[in-house]
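What follows is a single structure, written as structure tokens, with notes after it.
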Amino acid sequence: FEELDQILEKDPQLDEYGFVGDIEKFGASLPDGTHYDFVSEGFLLQNHKLAISFFIVCDLQRWSHDQYLKAKKLGVSSDLRRITRILLMINTDHYTALNTRKHFLQIEWNDENLSGELKLISLLLTKNPKSAELWAHRRWLVGYMSHRGIDDLQQRLFTEVAAADHAIRIYRRNYNAYLHLNWIATHFNTSEVTSKLEEVAISLSHASPSDNTALQLIRFLCLSPTINQRLIMSELHRNTDRLSHFPERESLWIHQRFLIEHTDSMERKPFKTLLDGELRRSLQHQESTIGNGYLLFILKML
């Protein structure tokens, strides 16, 4: 416990951690001449990346839990912050530890504590980027920041968008990270934030065309807070290009139907031309179930 606590204190730039088997064997697998910032039986720190041995996790968790109960009973806030930090590194979904940290953040709210908490959550997300509890904790932090009226809220929101983007690129179809982006779009609907969200959503949809969660985010932005014809039309062109490369992807056909359905404010002539083009596209793929369903949809629209 003390070793891990000292590592966290001495390396504030620690940005990734994970569990490995035997530390000695893991170190031997690294290139010769690798410099270690810290190495022991249970830990190996190199270039702000931390490896923790599986063999100490059970004892570390048991000891930390016992210390947590003692500190909770005594109400020692400094000890609780240190202990909950390590409990969360072992179990990122430790809801009780997160609630304890919320309690002390509300009592001692300042920029230093806020930055430290966001940095800790970012570190924990490198181990479990799909953790529903960690993303909920980040939303609570952002919501509380907004309630307190901090000066650099927009820059903080950009940081949140970047954090979710990074987590999604680590693990595709990361529903909880997309939920975080949807929450930001719903509660902080400024032109700058919306523009940043559009940029990230479009980039993610290009990186993984079959990821329906990215397309769902784009559809959400198309209708938030009102119908955004500019985004719908630009996305229609992009998705048409995607379909030309991946005509077998059902998520793209569903997305195309949504975009067509929400172009009804266009003038009749260009809308008719657009549908005619879509009809030809459907006929090219009518041998598939997807193409047949889309063909019926286009015929109804015409």
Side-chain angles (χ1 to χ4, degrees), residues 1-105 108 112-135 137-138 141 159 163 166-167 169-171:
F1 179 91
E2 293 299 333
E3 277 188 356
L4 180 54
D5 189 58
Q6 289 176 18
I7 290 171
L8 294 172
E9 289 295 329
K10 291 181 179 180
D11 190 358
Q13 297 181 24
L14 183 68
D15 56 14
E16 187 177 352
Y17 80 101
F19 299 123
V20 300
D22 185 88
I23 287 291
E24 184 176 351
K25 291 181 179 179
F26 177 73
S29 69
L30 298 175
D32 293 339
T34 300
H35 171 71
Y36 305 134
D37 298 306
F38 179 87
V39 64
S40 68
E41 184 179 347
F43 307 100
L44 188 152
L45 178 66
Q46 193 263 333
N47 194 27
H48 310 302
K49 307 290 189 288
L50 175 66
I52 303 174
S53 172
F54 274 119
F55 300 124
I56 69 166
V57 168
C58 289
D59 290 338
L60 182 61
Q61 195 277 337
R62 190 181 302 111
W63 192 89
S64 299
H65 180 70
D66 291 342
Q67 294 302 306
Y68 171 81
L69 294 178
K70 293 176 183 177
K72 183 76 171 176
K73 188 174 182 179
L74 296 173
V76 183
S77 61
S78 59
D79 287 349
L80 282 169
R81 280 195 289 268
R82 292 169 57 233
I83 294 166
T84 53
R85 179 172 60 180
I86 291 177
L87 280 173
L88 286 166
M89 290 186 72
I90 299 168
N91 176 12
T92 55
D93 292 326
H94 200 305
Y95 192 66
T96 303
L98 288 170
N99 276 343
T100 300
R101 298 187 70 84
K102 286 179 186 176
H103 174 73
F104 288 113
L105 279 168
E108 302 175 17
E112 182 180 356
N113 286 343
L114 171 61
S115 298
E117 190 70 7
L118 286 171
K119 187 176 292 185
L120 173 64
I121 300 303
S122 294
L123 173 63
L124 298 174
L125 283 169
T126 64
K127 178 66 177 65
N128 187 2
K130 290 188 174 184
S131 171
E133 301 300 344
L134 291 180
W135 287 112
H137 190 65
R138 283 195 85 111
L141 284 168
T159 301
H166 178 69
R169 293 182 190 277
I170 295 175
Y171 280 100

Straight-line distance of [X] [atom1] to [Y] [atom2], nearest 0.5 Å:
{"X": "Gln67", "Y": "Leu87", "atom1": "CD", "atom2": "CG", "value": "10.5 Å"}
{"X": "Asn128", "Y": "Leu88", "atom1": "CG", "atom2": "CG", "value": "11.0 Å"}
{"X": "Met89", "Y": "Leu50", "atom1": "CE", "atom2": "CG", "value": "5.5 Å"}
{"X": "Gln6", "Y": "Leu45", "atom1": "CD", "atom2": "CG", "value": "12.5 Å"}
{"X": "Ile90", "Y": "Arg85", "atom1": "CD1", "atom2": "CZ", "value": "12.5 Å"}
{"X": "Ile56", "Y": "Trp63", "atom1": "CD1", "atom2": "CH2", "value": "12.5 Å"}

Decide whether Tyr68 and Thr100 meet the rule of one side-chain donor and one side-chain acceptor closer than 3.5 Å. yes
Under 3.5 Å donor-acceptor, Thr84 side chain and Arg81 backbone: yes
I'd like to know if the side chain of Ser64 and the backbone of Gln61 have a donor-acceptor N/O pair within less than 3.5 Å. no
Exceeds 12 heavy-atom contacts within 6.0 angstrom, atom [atom1] of [X]:
{"X": "Glu41", "atom1": "CD", "value": "no"}
{"X": "His166", "atom1": "NE2", "value": "no"}
{"X": "Tyr95", "atom1": "OH", "value": "no"}
{"X": "Tyr36", "atom1": "OH", "value": "yes"}

Which pairs, with at least one residue in residues 16-26 and sequence neighbours excluded, count as a salt bridge (Lys or Arg N to Asp or Glu O under 4.0 Å)? none
According to side-chain hydrogen bond (donor to acceptor under 3.5 Å, both in side chains), who are the partners of Ser131, at least two apart in sequence or on a separate chain? Asp93
Is Ile170 close to Leu125 at the side-chain level, that is, under 4.5 Å between some pair of heavy atoms? no
Within-4.5 Å side-chain heavy-atom neighbours: Phe55 and Ile23: no
Scan Leu124, Leu123, Leu118 and name whichever one has a side chain to side chain contact (heavy atoms under 4.5 Å, CB included) with Ile121. Leu124
So Lys102 and Glu117, salt bridge (Lys or Arg N to Asp or Glu O under 4.0 Å) or not? Walk me through it. CA-CA 10 Å; Lys102 286 179 186 176; Glu117 190 70 7; over 6 Å; no
